[in-house]
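The next block holds one structure in the form of structure tokens; read it before the comments.
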Amino acid sequence: MLSLLGVSSAQPDRLTLGRLQRSWVFTQPFHNLDLLADFAQKRPPLERREGWQRCLQGLGGPCHVQASSFLALVQAIGFKAHFSGAHINHPGDHLVVCVWLDGDAFICDVGNGHPYTEPFALNGSSDQAHLGWVVRSHGDGRSVRVEQQTPGATGWRDVYIATPQQCDWADFQHAIQRHHSELGFGPFLTGLRATRIGETEAYTLRDDTLRHYTAVDCETQDVGKRHEAVLNETMGLGALPVAAAVRAWRCNSGRV
């Protein structure tokens with residue numbers, strides 16, 4: 001995994017943690033393609049081992065796939081780390097990784113489809129920006145509140161509140177199962193989502209809208225009926241069940 005991330009050596013320190021998260025965000029795409037395809041084929045959610053294989057191939061996935069794999073990586077390096085939860089729409093509906101360094105906690109979010117290139121400190125506030133996105137985190141020692149402003153927006157949007165409380169993989173199984181089985185629990189069964197973030201450009205696909213971000217501009221286009229082509233070619237996700245996912249999305253959202 002380190003070679004995929006372009007990290008030649010790693011020690012369990014703050015510098016390495018920042019480097020790992022930044023490289024991970026630029027390497028692993030965010031998407032719900034497996035989730036949609038699994039729903040249509042009545043398959044269970046990917047197991048942790050299957051998610052790790054996805055990330056080893058640089059194919060990413062939703063939060064539970066990426067957070068589980070990132071946790072395995074940092075623990076293997078020697079970081080003291082564990083799962084924690086965040087509240088977006090429902091308590092514990094987003095999975096993050098909490099890393100402890102010299103008594104300080106940092107929330108690492110690598111699976112939310114946004115350019116969170118640095119960990120969020122549990123104590124103190126910070127800003128980070130990438131390709132027009134600006135992200136703020138506010139830590140009060142008990143939790144971290146994250147808000148962001150996207151290119152073209154005039155105000156700030158609250159994203160979630162995360163806590164450092166240690167959780168187990170089993171604690172998230174109910175929420176993961178609901179994401180995979182309930183059309184109204186989150187956007188991932190009725191919405192098509194994919195994000196590919198790089199150093200100098202990024203692409204996001206939300207249903208019919210493709211956005212291309214650079215340091216100076218954000219271009220928006222309607223993809224028409226070209227969803228599969230965009231996911232295969234622009235997003236580089238052709239190794240995933242793209243056709244099955246697009247069919248499931250169209251069916252679930254009433255587009256067929």
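Computed from a prediction, not measured in an experiment: that's the story for all the values here.
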Pairwise side-chain contact, L231 with L33, heavy-atom cut-off 4.5 Å (strictly under):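 Yes, at least one pair of side-chain atoms sits under 4.5 Å.
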Point-to-point distance, once rounded to the nearest 0.5 Å, from [atom1] of [X] to [atom2] of [Y]:
X	Y	atom1	atom2	answer
R178	Q173	CZ	CD	14.0 Å
T27	L5	OG1	CG	5.0 Å
Q28	S23	CD	OG	10.5 Å
Q21	L73	CD	CG	11.5 Å
W249	F188	CH2	CZ	15.0 Å
W100	K80	CH2	NZ	7.0 Å

Parallel, tilted or perpendicular, as decided by the 30° and 60° cut-offs, for the rings of W133 and H114: perpendicular
Test side chain to side chain contact (heavy atoms under 4.5 Å, CB included) applied to V110 and V97, step by step: CA-CA 8 Å; V110 296; V97 173; 5.8 Å; no
Can [X] and [Y] be counted as having a side-chain donor-acceptor contact under 3.5 angstrom?
X	Y	result
T16	D13	yes
Q75	H82	no
T204	R211	no

Is [X] salt-bridged to [Y], going by a charged N under 4.0 Å from an acidic O?
X	Y	value
E118	R19	no
D207	R193	yes
R22	E199	yes
K225	D208	no

Closest non-hydrogen atom pair between [X] and [Y], with its separation:
X	Y	result
F106	P119	CB-CB, 3.9 Å
G60	V65	O-CG1, 3.8 Å
G236	R196	O-NH2, 3.6 Å
S137	V144	CB-CG1, 4.0 Å
P45	Q177	CD-OE1, 3.7 Å
A10	V7	CB-CG1, 4.5 Å

Indicate yes or no for a side-chain donor-acceptor contact from [X] to the backbone of [Y] under 3.5 Å, with no hydrogens or angles considered.
X	Y	value
T214	D217	yes
D93	I88	yes
H31	L59	yes
Q128	V135	no
Q148	R136	no
Q57	Q53	yes

F70 and C108: CA distance, side-chain angles, deciding distance, side chain to side chain contact (heavy atoms under 4.5 Å, CB included) verdict: CA-CA 9 Å; F70 189 76; C108 297; 3.8 Å; yes
Heavy-atom neighbours of R250 CZ exceed 12 at 6.0 Å: yes
Residues, nucleotides or ligands: over 12 heavy atoms within 6.0 Å of Q11 CD: no
Would a hydrophobic clustering, with Ile, Leu, Val, Met, Phe, Trp and Tyr connected at side-chain separations under 4.5 Å, put [X] with [Y]?
X	Y	value
L101	I107	no
V74	L56	yes
M1	F79	yes
W24	V99	yes
F30	L35	yes

T190 and S253: CA distance, side-chain angles, deciding distance, side-chain hydrogen bond (donor to acceptor under 3.5 Å, both in side chains) verdict: CA-CA 5 Å; T190 55; S253 60; over 6 Å; no
T220 and L210: CA distance, side-chain angles, deciding distance, side chain to side chain contact (heavy atoms under 4.5 Å, CB included) verdict: CA-CA 6 Å; T220 302; L210 177 69; over 6 Å; no
Criterion side chain to side chain contact (heavy atoms under 4.5 Å, CB included) on H130 and F26, from CA distance to verdict: CA-CA 11 Å; H130 185 67; F26 292 158; 3.5 Å; yes
Sole residue of L240, L237, T195, I197 in side-chain contact (heavy atoms from CB on, under 4.5 Å) with P29: L237
Selection residues 50-66 - residue pairs positive for salt bridge (Lys or Arg N to Asp or Glu O under 4.0 Å), sequence neighbours left out: D34-R54, R43-E50
For R206, side-chain hydrogen bond (donor to acceptor under 3.5 Å, both in side chains) partners two or more places apart: none
Centroid separation H64 to H180 less than 6.0 Å: yes
Under 3.5 Å, side-chain donor or acceptor atoms of residues 157-172 against the rest of the protein: list the pairs with distances, not counting sequence neighbours.
residue: D158; atom: OD1; partner: R145; partner atom: NH1; Å: 3.4
residue: Y160; atom: OH; partner: D109; partner atom: OD2; Å: 2.6
residue: D171; atom: OD2; partner: D168; partner atom: N; Å: 2.7

